[in-house]
Amino acid sequence: MACNAGPMRRLTSLLVLKLEQRGAATRLLARRRQSDYASKAAQALVASNTIMSPEQSLYRESETRNLLSHFGGGHIHLEKDENSGIARLLIEHEGKKNAFSGSMILQLADHVAELSKWKDGRAVIIRGANGDFCTGADLNFVQKIATPVLGAKMSIFMGSVLAKLHQLPLITVAHVEGYALGGGAELLSACDFRAVSTTANIGFVHGRLGVSPGWGGGTHLTQLVGWRTALRLMASAQVLDANECLRLGLADFVFSNDSEVSAWFEQFTKTSAQSVRAAKRIVLNAQECDYSESLNRERDVFAELWGGQRHLQALQKLAGSK
Ligand SMILES: CCC(=O)SCCNC(=O)CCNC(=O)[C@H](O)C(C)(C)COP(=O)(O)OP(=O)(O)OC[C@H]1O[C@@H](n2cnc3c(N)ncnc32)[C@H](O)[C@@H]1OP(=O)(O)O
């Protein structure tokens, strides 16, 4: 269990702030006078006292799911191999370089929830179809939800999905080829490891659209490369190749073909799934908890494995070979 619910709380505060700016948002929406679905939905939300009242719950996941379900296209496939404990997530949106539609965000949420319950999982590898990783949010969908309230709702939902992905009890690997831009760069930065192809172009390009990362990617990037590099990459919207990513700590491994990346991935299959999951719990606790709490939790993880069936079998095997 996470030590605190910081990311979610901060995103919720953002929505509260947005909603407190009700007057300003209403005027902005009135000026836009758009006739599309999203604008109407935003106006309904702004006019609705149920989401305005600070006493009531301001963010409703079901409302956001409903909103996202109106923007279809593409698919995210999940394939789990029970024998190896390896799952694969394939992002596919033909003709849009695997950009996220609303329904793909919902599918990712459901797949991450399923993986969080997979007791024997060792790792999940995330890859895009047809030579590109993901070019972020589908710009046609973005255009239709370009209001402060709808943006906050989408950001809370997807931010929470990527935080859950980051906190999965198994190893997460981004297998990155071709373009990984905007939200696609945010997705890969939420993973534990990044295997990056020599064909890759990775960029936090949100600034080109006059915005900033809002799915947790700014935070994950800062943790990966340090604040000065993260600031430079976000402020410049620079697109990096694989070797630059490796130099900055945004890539763990650079490959030029599938067999190289498979060989690199083999390292995560050398120990039991139990040990892999224990290691993941320990590093998550070290990231999220204070020092003494992290030490306590590490002892808990250790106590669950020590003297267990697998430990005793391994001891017997090693002792037997002496
Ligand atoms: C969370 C916030 C966000 O993620 S905001 C989104 C950030 N992403 C972007 O700004 C990427 C926008 N796309 C691009 O800059 C270019 O398409 C890139 C990826 C550089 C590829 O350029 P190029 O090789 O010339 O191909 P192209 O532009 O003809 O693209 C092929 C077709 O794919 C589409 N595409 C690409 N990205 C998206 C996207 N994010 N949303 C919707 N459609 C996308 C292009 O529009 C193009 O479609 P079409 O062939 O013109 O119908």
Side-chain angles (χ1 to χ4, degrees), residues 7 10-11 14-15 18 36-38 64 67-68 70-76 90-109 112 126-166 174 176-191 194 196-222 230 233-242 244-245 250:
R10 274 188 288 278
L11 281 168
L14 169 71
L15 181 62
K18 294 287 178 211
D36 57 40
Y37 165 82
T64 306
L67 171 75
L68 293 171
H70 285 83
F71 304 101
H75 201 82
I76 301 200
L90 183 72
I91 308 165
E92 187 166 26
H93 198 167
E94 209 183 324
K96 298 211 173 193
K97 298 206 173 277
N98 305 328
F100 271 106
S101 64
S103 60
M104 288 166 73
I105 290 176
L106 293 174
Q107 287 162 17
L108 182 65
V112 169
I126 306 177
R127 183 178 187 175
N130 305 316
D132 287 299
F133 186 67
C134 169
T135 53
D138 178 341
L139 293 172
N140 303 96
F141 151 56
V142 165
Q143 228 173 7
K144 295 189 177 105
I145 60 160
T147 70
V149 170
L150 295 184
K153 287 164 84 74
M154 188 263 294
S155 152
I156 289 175
F157 189 89
M158 187 59 164
S160 154
V161 174
L162 293 192
K164 286 176 187 153
L165 173 74
H166 184 73
V176 187
E177 297 159 298
Y179 287 110
L181 301 178
E186 296 199 61
L187 171 62
L188 68 86
S189 70
C191 294
R194 282 145 291 278
V196 176
S197 158
T198 48
T199 65
N201 287 291
I202 300 179
F204 286 76
V205 297
H206 309 66
R208 293 183 187 171
L209 295 170
V211 293
S212 54
W215 294 351
T219 300
H220 292 133
L221 179 67
T222 303
L233 294 181
M234 287 187 278
S236 66
Q238 188 185 343
V239 176
L240 305 170
D241 67 22
E244 285 171 307
C245 288
L250 191 54

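First listed ligand is number 1; within each ligand, the first listed atom is number 1.
- Atom 16 (C) of ligand 1 is not flagged as protein-proximal [any protein heavy atom, distance under 4.0 Å].
- Remark: side-chain polar atoms of T198 are not paired, donor with acceptor, to backbone N or O of A242 under 3.5 angstrom.
- Nearest non-hydrogen protein atom to atom 2 (C) of ligand 1 is H206 CD2, 3.9 Å.
- Residue contact check for ligand 1: V142 places no non-hydrogen atom closer than 4.0 Å to it.
- In this structure, L188 and V196 have side chains that are not in contact, with every pair of non-hydrogen atoms separated by 4.5 Å or more.
- At least one donor-acceptor pair under 3.5 Å links the side chain of Q107 to the backbone N or O of I76.
- The aromatic rings of F100 and W215 sit perpendicular to each other, their planes meeting at more than 60°, with 30° as the lower class boundary.
- Closest non-hydrogen pair, M234 versus P213, comes out as SD-CG, 3.6 Å.
- Evaluated by nearest non-hydrogen atom to atom 22 (O) of ligand 1, the leading choice among F100, Y179, F141 is Y179.
- In terms of modelled atom types and a separation under 3.5 Å, the side chain of S155 and the main chain of G214 share a donor-acceptor contact.
- Distances from atom 27 (P) of ligand 1 to the protein include no heavy-atom value under 4.0 Å.
- In this structure, the side chain of H206 does not engage the main chain of V211 through any donor-acceptor pair within 3.5 Å.
- Nearest residue to atom 36 (C) of ligand 1 from H93, E94, K96 is K96 (criterion: closest heavy atom).
- Backbone and side-chain nitrogen or oxygen atoms of T135 are examined, and one is located within less than 3.5 angstrom of a nitrogen or oxygen of ligand 1.
- Close approach of ligand 1 to G136 (heavy-atom distance below 4.0 Å) involves ligand atoms 4 (O).
- Between the side chain of R194 and the main chain of V176, no donor-acceptor pair closer than 3.5 Å is present.
- Without hydrogens or angle criteria, H75 side chain to E92 main chain gives no donor-acceptor distance under 3.5 Å.
- Listed by number with element, the atoms of ligand 1 under 4.0 angstrom from any heavy atom of L209 are 5 (S), 6 (C).
- Proximity of atom 8 (N) of ligand 1 to the protein is indicated by at least one non-hydrogen atom lying closer than 4.0 angstrom.
- There is a protein heavy atom closer than 4.0 angstrom to atom 4 (O) of ligand 1.
- Looking at ligand 1, you won't find any N or O of V205 less than 3.5 Å from one of its N or O atoms.
- In this structure, N98 contributes its side chain and A129 its backbone to a donor-acceptor pair below 3.5 Å.
- Near W215, meaning under 4.0 Å from any of its heavy atoms, are these atoms of ligand 1: 1 (C).
- Per-residue contacts place A99 under 4.0 angstrom from the following atoms of ligand 1 (heavy atoms of the residue considered): 39 (C), 40 (N), 41 (N).
- Less than 4.0 angstrom separates atom 41 (N) of ligand 1 from at least one non-hydrogen atom of the protein.
- In terms of protein heavy-atom proximity, atom 31 (C) of ligand 1 is closest to K97 CE, 3.8 Å.
- Considering only non-hydrogen atoms, atom 47 (C) of ligand 1 lies nearest to G95 out of S212, G95, P213.
- Under a cut-off of 6.0 angstrom, the local environment of CD in E94 is sparse, with at most 12 non-hydrogen atoms contributed by other residues, nucleotides or ligands.
- For atom 14 (C) of ligand 1, the nearest non-hydrogen atom of the protein is L181 CD1, 4.6 Å.
- At under 3.5 Å, a nitrogen or oxygen of A137, whether backbone or side chain, sits near a nitrogen or oxygen of ligand 1.
- D132 places no side-chain N or O within donor-acceptor distance of the main-chain N or O of G178, the cut-off being under 3.5 Å.
- Taking any N or O of L139, backbone or side chain, at least one lies under 3.5 Å from an N or O belonging to ligand 1.
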